[in-house]
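Atom set for the values below is all heavy atoms of this structure, side chains included, hydrogens, waters and symmetry mates excluded.
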Amino acid sequence: MSKNFINNNIIIPIRAAIQGTIVREIKECIKFSIMIDSTQDVSVMDQLAICVRYISYGVVQERLLSLVVCIDSSGIGFLTC
C-alpha cells in the first residue's frame with residue numbers, strides 16, 4: 001500500500017472521527033480552555049500544537065487537536081498558521 005493510500009483512506013478518516021468526538025464532548029461541557037504552543041521538531045521545523053482542556057462526565061480531559069507546521073512563531077504568526 002502506498003503512503004497516499006494509507007494517509008487518505010486510513011489516517012485522515014480516523015483523525016476526523018477522533019476530532020469529531022472531541023468537538024462533541026466540548027459542546028456538551030460548560031467550560032473549556034484552548035492551549036497553543038510551538039516547538040521545533042527533530043528536523044528543526046516549528047510545529048504548533050493546539051490542545052483543549054475540558055471536563056467530560058466529571059473527568060478532566062486534555063486532548064491534542066492538531067499539529068500544524070508554523071513558519072512564524074510570533075503572536076501574529078500564530079494567527080496565520
Side-chain angles (χ1 to χ4, degrees):
M1 287 192 259
S2 72
K3 178 178 83 170
N4 290 335
F5 177 84
I6 291 172
N7 190 44
N8 293 337
N9 296 314
I10 298 173
I11 295 175
I12 292 175
I14 290 172
R15 181 188 71 193
I18 292 171
Q19 285 179 339
T21 300
I22 293 169
V23 168
R24 274 193 303 280
E25 288 180 352
I26 292 170
K27 287 181 179 180
E28 292 173 1
C29 73
I30 297 171
K31 297 178 182 178
F32 66 93
S33 64
I34 298 173
M35 299 166 281
I36 299 174
D37 190 20
S38 73
T39 188
Q40 288 184 346
D41 64 5
V42 177
S43 65
V44 193
M45 185 172 17
D46 272 340
Q47 290 197 358
L48 181 69
I50 303 171
C51 301
V52 65
R53 191 172 200 189
Y54 58 96
I55 298 174
S56 178
Y57 303 108
V59 179
V60 175
Q61 304 289 337
E62 187 170 297
R63 304 285 187 229
L64 173 67
L65 283 180
S66 185
L67 285 174
V68 180
V69 175
C70 193
I71 298 168
D72 181 4
S73 61
S74 69
I76 293 174
F78 282 160
L79 294 174
T80 60
C81 288

Within this structure, what is the CG-CG distance for the pair Leu48 and Asp37, rounded to the nearest 0.5 Å?
8.0 Å
Report whether Phe5 and Ile12 are members of the same hydrophobic cluster (ILVMFWY, side-chain heavy atoms less than 4.5 Å apart, transitive linking).
no
Can you list the other members of the hydrophobic cluster that holds Tyr57, where links are side-chain heavy atoms under 4.5 angstrom apart?
none
Is there a path of hydrophobic side-chain contacts, each under 4.5 Å between heavy atoms, that joins Ile14 and Ile22?
yes
Measure the spacing between CD of Glu62 and OG of Ser33 and express it to the nearest 0.5 Å.
7.5 Å
Closest non-hydrogen atoms of Asn8 and Pro13, given as atom of the first, atom of the second and distance, are O-CD, 3.5 Å
With a 4.5 Å cut-off on side-chain heavy-atom distances among I, L, V, M, F, W and Y, is there a chain of contacts connecting Val23 to Ile34?
no
Closest heavy-atom pair and its distance - Leu67, Gln47:
CD1-OE1, 3.8 Å
Do the side chains of Ile55 and Lys31 get nearer than 4.5 Å, heavy atoms only?
no
Which heavy atom of Gln19 sits nearest a heavy atom of Leu65, and at what distance?
NE2-O, 2.6 Å
Quickly, which of Glu25, Lys27, Gln61 forms a side-chain hydrogen bond (donor to acceptor under 3.5 Å, both in side chains) with Tyr54? Name it, please.
Glu25
Transitively linked via ILVMFWY side-chain contacts under 4.5 Å: Met35 with Ile18?
no
